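Taking it in order: structure first as C-alpha cells, then the write-up.
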There are 2 protein chains.
Amino acid sequence: MTHTYSIGALAEATDAKVETVRYYERIGLLPEPERTSGNYRAYTGDHLARLSFIRRARDLGFTLGQVRALLGLADNKNNDCCAVDAMARDHLTDIDRKIADLKALRRELNDLLGQCKQGTIADCRIIGALSPR
Amino acid sequence: MTHTYSIGALAEATDAKVETVRYYERIGLLPEPERTSGNYRAYTGDHLARLSFIRRARDLGFTLGQVRALLGLADNKNNDCCAVDAMARDHLTDIDRKIADLKALRRELNDLLGQCKQGTIADCRIIGALSPR
DNA sequence: GCTTGACCCTGTAGTGACTACAGGGTGCAG
DNA sequence: CTGCACCCTGTAGTCACTACAGGGTCAAGC
C-alpha cells in the first residue's frame, strides 16, 4: 500500500499554497495525480519530489520557464550537465545586474535624503528631484 | 495658442509607451486631456510635467500607489516634507532588504556552481541540490 | 446516525504594472 | 487620391501567483 498525500499535506510539506499546487498542475508543471473515491487528489512520493524541486528552484529565483527546463534536464540522467551550468550562470548574471541596479537606486535615494532639510513641500528636495526642471 | 502634445509625443518625451500613458489615464493617475476634432488626445505642459514626475518616481522604484501618494503631497506646497521623507526611507529599507536577499541567493548559486564538475546530470551538483534528499 | 468544522473540488477573477492585439478612424506627405 | 504612421476603444494577455463563490467530502465527537 503506497502512501499518498492530500493536496494540503503536499502543500505543507513543500511550503507552498494549495492554490499554487493546483496552479502548477494546471500549467503542466506537476502531473495530475490519481483521485480518491471522493474526487480528492492523491499525490505520491514522486509528486512530492517533483514539487520540492520546483519550490527549491523558485526559491533560487528561477522563473517557471527555467524550472520547466531544469526538470526536463533532470529527467534524463544522461543529459550533459553543461546546460544546467549555463542556466545557473545566466541566472547569476541576472542577479548581479539586479544588485547593481538596486545599489544605484539606493545611492540616488540616499543623495536625495541627504539633501532633505525638513520643511514644506515647496522646499522638498525629493519632490524637486521628481519634478521636471 | 498653447502648445499641445499627441499621446505619441508625450510618451516619447517621458520615455513611456503609448499604452502605458493610456493605462495611467485609465487608473486615474494622469488626468484626461482635451481632445482634437479627430478625437485625438491633446496633452498640455501640465500633463507633461505630471507624467515626467510619475516616470521618474517609477524609475526610482516607487509603486504606483506610492507615486499616487507622492503626487498628492506634491500638489499642496504647504504640506509637510516629512511624509515624503518617510516614504523615501521606507523605500530605502525595501531596497536594502532586496539587495540582501539577492546577495544570499548569489552566494548560494556560486556555491553550487563551484561544486559543479562537468559531467552528466547523474553527477550534477545543482540538480542534486534541487532534488529532495 | 447526525453535526460540525476542516478540507477538498471547480471555475472564475483579481493582483501589480504593464503590454499586445483586433478592428477601425485620422492626418499628412507625396 | 494613396499609403503609411499615428490615433482610437475595448479586450485580453504576461508572470506567478492569490482569492473568492458555491458546493462536496471526511472524520471526530456526541
Side-chain angles (χ1 to χ4, degrees), chain A residues 4-30 32-44 47 50-51 53-71 90-91 94-95 98 101 105, chain B residues 3-30 32-44 47 50-51 53-71 87 90-91 94-95 98 101 105:
Chain A
T4 62
Y5 303 84
S6 69
I7 193 169
L10 195 77
E12 185 174 351
T14 53
D15 200 35
K17 294 275 178 67
V18 162
E19 292 153 329
T20 306
V21 178
R22 286 202 201 98
Y23 170 64
Y24 288 159
E25 181 183 310
R26 195 163 73 248
I27 63 173
L29 209 50
L30 193 64
E32 285 186 36
E34 305 277 353
R35 297 289 180 122
T36 65
S37 56
N39 199 32
Y40 281 24
R41 290 170 173 81
Y43 292 101
T44 65
H47 287 104
R50 190 169 175 98
L51 185 56
F53 186 104
I54 292 165
R55 297 309 302 169
R56 184 70 182 126
R58 287 289 304 124
D59 285 344
L60 286 176
F62 288 104
T63 65
L64 288 183
Q66 290 168 327
V67 172
R68 203 184 295 272
L70 287 169
L71 283 168
D90 282 350
H91 191 35
D94 281 348
I95 289 169
K98 281 174 192 165
D101 285 349
L105 203 44
Chain B
H3 182 242
T4 62
Y5 303 84
S6 67
I7 193 168
L10 195 76
E12 186 174 353
T14 53
D15 201 33
K17 295 276 180 69
V18 163
E19 293 152 326
T20 307
V21 178
R22 287 201 202 99
Y23 171 64
Y24 290 158
E25 181 184 309
R26 196 163 72 250
I27 64 174
L29 209 50
L30 193 63
E32 287 187 35
E34 305 276 355
R35 296 290 182 120
T36 65
S37 56
N39 200 35
Y40 281 25
R41 290 169 173 80
Y43 292 101
T44 65
H47 288 102
R50 191 171 173 96
L51 185 56
F53 186 105
I54 292 165
R55 297 308 302 170
R56 184 69 182 128
R58 289 289 302 124
D59 285 343
L60 286 177
F62 289 104
T63 65
L64 288 183
Q66 289 169 326
V67 173
R68 203 184 294 272
L70 285 170
L71 283 168
M87 281 181 68
D90 282 350
H91 192 33
D94 281 349
I95 289 169
K98 282 174 189 165
D101 286 349
L105 203 47

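Order of the sequence lines sets the chain letters (A, B, ...), proteins ahead of strands, with each chain counted from 1. Keep in mind it's a predicted model, so treat the numbers as computed, not measured.
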Touch class at under 4.0 angstrom, heavy-atom based, for B:Tyr24 against every strand present: sugar-phosphate
Sugar-phosphate, base or nothing in reach of A:Arg22, heavy atoms under 4.0 Å: base
Whichever of B:Thr20 and A:Glu25 has its nearest DNA chain C nucleotide further upstream toward 5': A:Glu25
5'-most by nearest nucleotide on DNA chain C - B:Tyr23 or A:Arg41: A:Arg41
A:Asp59, CG atom: more than 12 neighbouring heavy atoms under 6.0 Å: yes
Residues, nucleotides or ligands: over 12 heavy atoms within 6.0 Å of B:Asp15 CG: no
Sequence-distant partners of A:Arg22, side-chain contact (heavy atoms from CB on, under 4.5 Å), two or more places apart: A:Ile7, A:Val18, A:Glu19, A:Arg41
Under a 4.5 Å cut-off applied to non-hydrogen side-chain atoms, are [X] and [Y] in contact?
X       : Y       : answer
B:Arg58 : B:Leu64 : yes
A:Val21 : A:Glu25 : no
B:Leu51 : B:Tyr43 : no

Protein-nucleotide distance ([X], atom [atom1]; [N], atom [atom2]), rounded to Å:
X       : N      : atom1 : atom2 : result
B:Ile27 : C:dT15 : CD1   : P     : 12 Å
B:Arg35 : C:dG25 : CZ    : P     : 16 Å
A:Glu19 : C:dC7  : CD    : P     : 13 Å
B:Asn39 : C:dG24 : CG    : C1'   : 13 Å

Kindly say if [X] contacts the phosphate of [N], meaning a side-chain N or O under 4.0 Å from OP1 or OP2.
X       : N      : value
B:Ser37 : C:dT26 : no
B:Arg58 : C:dC18 : yes
B:Tyr40 : C:dG25 : no
A:Thr36 : C:dC8  : no

Distance-only polar pair, side chains of A:Tyr24 and A:Arg55, donor-acceptor under 3.5 Å: yes
Where chain A begins and ends its contact with DNA chain D, read 5' to 3' at 4.0 Å from heavy atoms: D:dA16 to D:dC26
5' priority, DNA chain D, between A:Gly38 and A:Lys17 [closest heavy atom]: A:Lys17
